[in-house]
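A short worksheet on the structure shown next.
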Protein chains: 2
Amino acid sequence: MKLATLKDSTRDGRLVVVSRDLTCYSEVGHIARTLQAALDDWEHVAPRLELIAEGIETGAQPTTRFHEHDAASPLPRAYQWADGSAYVNHVELVRRARGAEMPASFWADPLMYQGGSDGFLGPRDPIVVADEAYGIDMEGEVAVITGDVAMGSGPEAARDAIRLVMLVNDVSLRGLIPDELVKGFGFFQSKPASAFSPVAVTPDELGKAWDGGKVHLPLLVSLNGRALGKANAGIDMTFDFGQLIAHAAKTRNLLAGTIIGSGTVSNKLDGGPGRAVDDGGDGYSCIAEIRMIETIETGAPKTPFMKFGDQVRIEMKDHAGHSIFGAIEQTVEKYQGAGLQ
Amino acid sequence: MKLATLKDSTRDGRLVVVSRDLTCYSEVGHIARTLQAALDDWEHVAPRLELIAEGIETGAQPTTRFHEHDAASPLPRAYQWADGSAYVNHVELVRRARGAEMPASFWADPLMYQGGSDGFLGPRDPIVVADEAYGIDMEGEVAVITGDVAMGSGPEAARDAIRLVMLVNDVSLRGLIPDELVKGFGFFQSKPASAFSPVAVTPDELGKAWDGGKVHLPLLVSLNGRALGKANAGIDMTFDFGQLIAHAAKTRNLLAGTIIGSGTVSNKLDGGPGRAVDDGGDGYSCIAEIRMIETIETGAPKTPFMKFGDQVRIEMKDHAGHSIFGAIEQTVEKYQGAGLQ
């Protein structure tokens with residue numbers, strides 16, 4: 001089943017069921033008005049939405065043309081957005097680039113930060129930033145939405161609580177990170193609003209590409225139409241989503257609608273950093289990783305962060321080449337201070 | 001106007017207007033079913049709720065007896081909970097206790113962490129923790145709920161966006177903090193669910209005790225019936241709520257229902273740390289601060305963190321001695337792993 005939230009005059013948009021090929025949708029307001037409402041009562045609501053999804057595929061269900069640019073993020077606002085950093089390769093590179101050892105515990109104990117979740121960007125909304133000097137970067141990631149997870153749940157129970165899978169652009173302002181790290185309270189200003197894919201899908205839609213805790217498919221990231229990365233989200237993911245969710249639930253319950261992110265997808269090559277797509281490698285899911293490799297190799301970064309007008313696209317395709325989640329496609333724009341976007 | 005959320009069978013409870021003396025309430029489901037719904041459309045909803053509040057005071061409005069223990073936190077779940085650390089005195093003590101200098105920038109640039117907001121404890125709910133060794137501590141704070149705040153808003157515009165004021169117990173697991181600080185991603189497992197006061201009030205309810213950005217009244221914190229602190233929330237608050245909100249809004253919009261916390265209320269004495277209430281001082285709003293002072297004075301902390309069965313109470317009274325927000329009163333209990341609390 002594939003779900004989307006269409007933008008309307010409300011803060012939460014309206015839930016629709018989308019066809020497997022992303023061409024059309026059916027209204028489901030009589031079942032659940034919003035995705036959060038569906039998640040709040042998933043046991044009762046999901047089977048009814050599944051019937052609609054089946055009806056769409058068989059042609060029994062009336063549908064309307066689906067346009068990805070009409071979609072908000074599946075949860076336009078959420079009660080929790082917690083982002084892991086499960087591709088420890090990426091973390092190790094960050095450290096190496098600044099000449100720091102990575103503690104061995106990072107291979108056993110996940111990194112995770114609490115993100116802002118009160119207002120996400122739509123998948124085609126611009127990334128509005130006041131100053132290019134903030135170091136505007138994308139982070140291509142996979143994310144899951146959970147049901148209720150009891151405090152202290154283990155990875156297995158946590159995997160059972162995964163309701164939906166989607167993609168995310170965890171926009172990062174790299175220039176603001178060093179000062180926030182020094183303060184020790186985690187990221188805040190360096191993590192503006194994230195954007196999620198137009199469609200969130202139940203894990204069964206991924207077929208064999210879903211092993212219960214990871215998505216074994218390449219994450220396609222491009223910048224201004226040029227391929228930046230196609231790292232496989234199932235490779236080098238040190239902690240699967242079950243482990244990430246269990247980490248988040250160690251000392252508190254997680255409530256339905258919690259979004260857990262994988263962290264920037266990153267693949268090693270022969271035990272070392274990856275290689276650019278242009279050079280025959282699988283590339284990168286953020287600019288910072290390229291800059292880290294440049295720093296390690298030449299002593300200084302060369303590739304600039306995003307500028308106003310740059311466009312980032314994040315997508316994932318199945319083995320037949322069909323887009324699974326629709327595409328996140330965002331242009332960087334200068335903030336004009338005109339109020340709420 | 002004083003607002004509360006009564007627990008019911010729903011995840012968001014139901015909004016009621018409470019009398020100034022906290023003895024009775026009126027149903028307002030015909031105006032707004034939940035506090036979030038009221039905040040989403042505050043301009044239209046607030047005047048109608050104010051009429052109910054006036055009717056309660058004049059006796060024109062039918063009411064029911066209000067019991068604080070029937071209340072959930074005003075927002076049982078929220079889209080954002082961002083906690084500042086505005087009493088820099090407290091931060092300086094933390095640093096001194098571990099022999100570290102505090103960067104001078106901490107006096108100009110607020111500390112703030114993104115907290116979990118998917119499920120808050122009710123003001124009389126137990127604090128359920130798996131292990132006493134986690135170092136269970138209270139943090140007595142003031143918090144505000146905002147309306148929409150545009151990215152880049154200054155402190156003055158931010159002050160205008162303050163809709164409601166309440167108290168919070170930002171429960172902290174001190175034993176888990178050092179390892180999380182090392183990881184650099186901020187607090188996560190060390191910050192389990194927070195609890196807020198039974199009632200949230202519009203700033204005008206505070207009269208002269210509200211100066212637009214601070215509450216000039218003592219925060220009463222007690223442990224097992226013994227006074228722990230009565231530090232004045234208006235004193236030594238280096239950053240007022242306008243500055244804290246503006247900090248949070250630097251790179252993103254804040255959406256209605258955002259909760260911003262003050263950080264642990266802490267007063268200096270003669271330029272140094274405070275003194276215990278028993279010794280004639282204004283005391284402390286968390287145990288960690290007592291332990292820091294003990295560490296600075298004797299080389300080691302003496303006062304233990306909370307144990308199972310301990311009860312913490314947090315309240316604030318007006319100049320006539322009446323409780324403004326009702327009391328947070330929570331007992332620490334051992335988690336039995338039986339699932340969602």
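Computed from a prediction, not measured in an experiment: that's the story for all the values here. Every chain is numbered from 1 and lettered A, B, ... according to where its sequence line falls, protein lines coming before strand lines. In what follows, every heavy atom counts, from backbone to side chain, and hydrogens, waters and symmetry copies are set aside.
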Worksheet item: Do A/K183 and B/F106 come within less than 4.5 Å of each other through their side chains, counting heavy atoms only?
Response: yes
Fill in: B/D118 side chain to A/L255 backbone, donor-acceptor under 3.5 Å
yes
Worksheet item: A/D160: what forms a salt bridge (charged side-chain N to carboxylate O under 4.0 Å, His left out) with it, not counting sequence neighbours?
Response: none
Worksheet item: Quick one: of A/A82, A/G115, A/A130, A/A193, who has the most non-hydrogen atom pairs under 4.5 Å with chain B?
Response: A/G115
Fill in: Rounded distance [0.5 Å steps], CD in A/Q114 versus CD in B/Q80
10.5 Å
Worksheet item: How long is the gap from CZ on A/R252 to CD on B/Q189, to the nearest 0.5 Å?
Response: 9.0 Å
Worksheet entry | Contact class of A/A78 relative to chain B, heavy atoms under 4.5 angstrom | backbone
Worksheet item: Of all the residues in residues 168-178 of chain B, which have a heavy atom that comes within less than 4.5 Å of a heavy atom in chain A?
Response: B/L173, B/L176
Item to complete: Compute both the distance and the angle, then confirm whether A/R11 meets the cation-pi test with B/Y79: under 6.0 Å from the six-membered ring centre, within 45 degrees of the axis.
Response: no
Discussion item. Which atoms of B/A248 are under 4.5 Å from chain A, going by heavy atoms: the side chain, the backbone, both sets, or neither?
Written reply: both
Worksheet item: Between B/A157 and chain A, which part of the residue has a heavy atom less than 4.5 Å away: side chain, backbone, both or neither?
Response: neither
Worksheet item: Is there a side-chain contact between A/Y335 and B/M151 (heavy atoms, below 4.5 Å)?
Response: yes
Discussion item. If you count heavy-atom pairs within less than 4.5 Å of chain B, which of A/D179, A/L111, A/D131, A/L181 leads?
Written reply: A/L111
Discussion item. Report which part of A/S153 has an atom under 4.5 Å of a heavy atom belonging to chain B: side chain, backbone, both, or neither.
Written reply: neither
Worksheet item: Do B/M112 and A/E180 come close enough that some side-chain heavy atom pair is under 4.5 Å?
Response: no
Worksheet item: Got A/F187 and B/F185 here, is their nearest side-chain heavy-atom distance under 4.5 Å?
Response: yes
Item to complete: Kindly compute the distance separating CG (A/N253) from CG (B/L121), expressed to the nearest 0.5 Å.
Response: 9.0 Å
Fill in: B/S85, part contacting chain A, at a heavy-atom distance under 4.5 Å
side chain
Practice prompt. Taking salt bridge (charged side-chain N to carboxylate O under 4.0 Å, His left out) as the test, write out the residues that go with A/D8, two or more places apart.
Written response: A/R33
Discussion item. Heavy-atom pairs under 4.5 Å with chain A - which of B/G257, B/G116, B/S105 has more of them than the others?
Written reply: B/G116
Practice prompt. Name the option with the most non-hydrogen atom pairs under 4.5 Å to chain A; the candidates are B/P103, B/G152, B/S117.
Written response: B/S117
Fill in: Heavy-atom proximity to chain B below 4.5 Å, by part of A/T258
side chain
Worksheet item: Among all residues two or more places apart in sequence or in another chain, which pass the ring-ring contact (aromatic ring centres under 6.0 Å, His included) test with B/F196?
Response: B/W81, B/F120
Discussion item. Is it the case that atom CZ in A/R96 sees more than 12 heavy atoms from other parts of the structure closer than 6.0 Å?
Written reply: no
Item to complete: Name the region of A/A249, side chain, backbone, both or neither, that has any atom closer than 4.5 Å to a heavy atom of chain B.
Response: neither
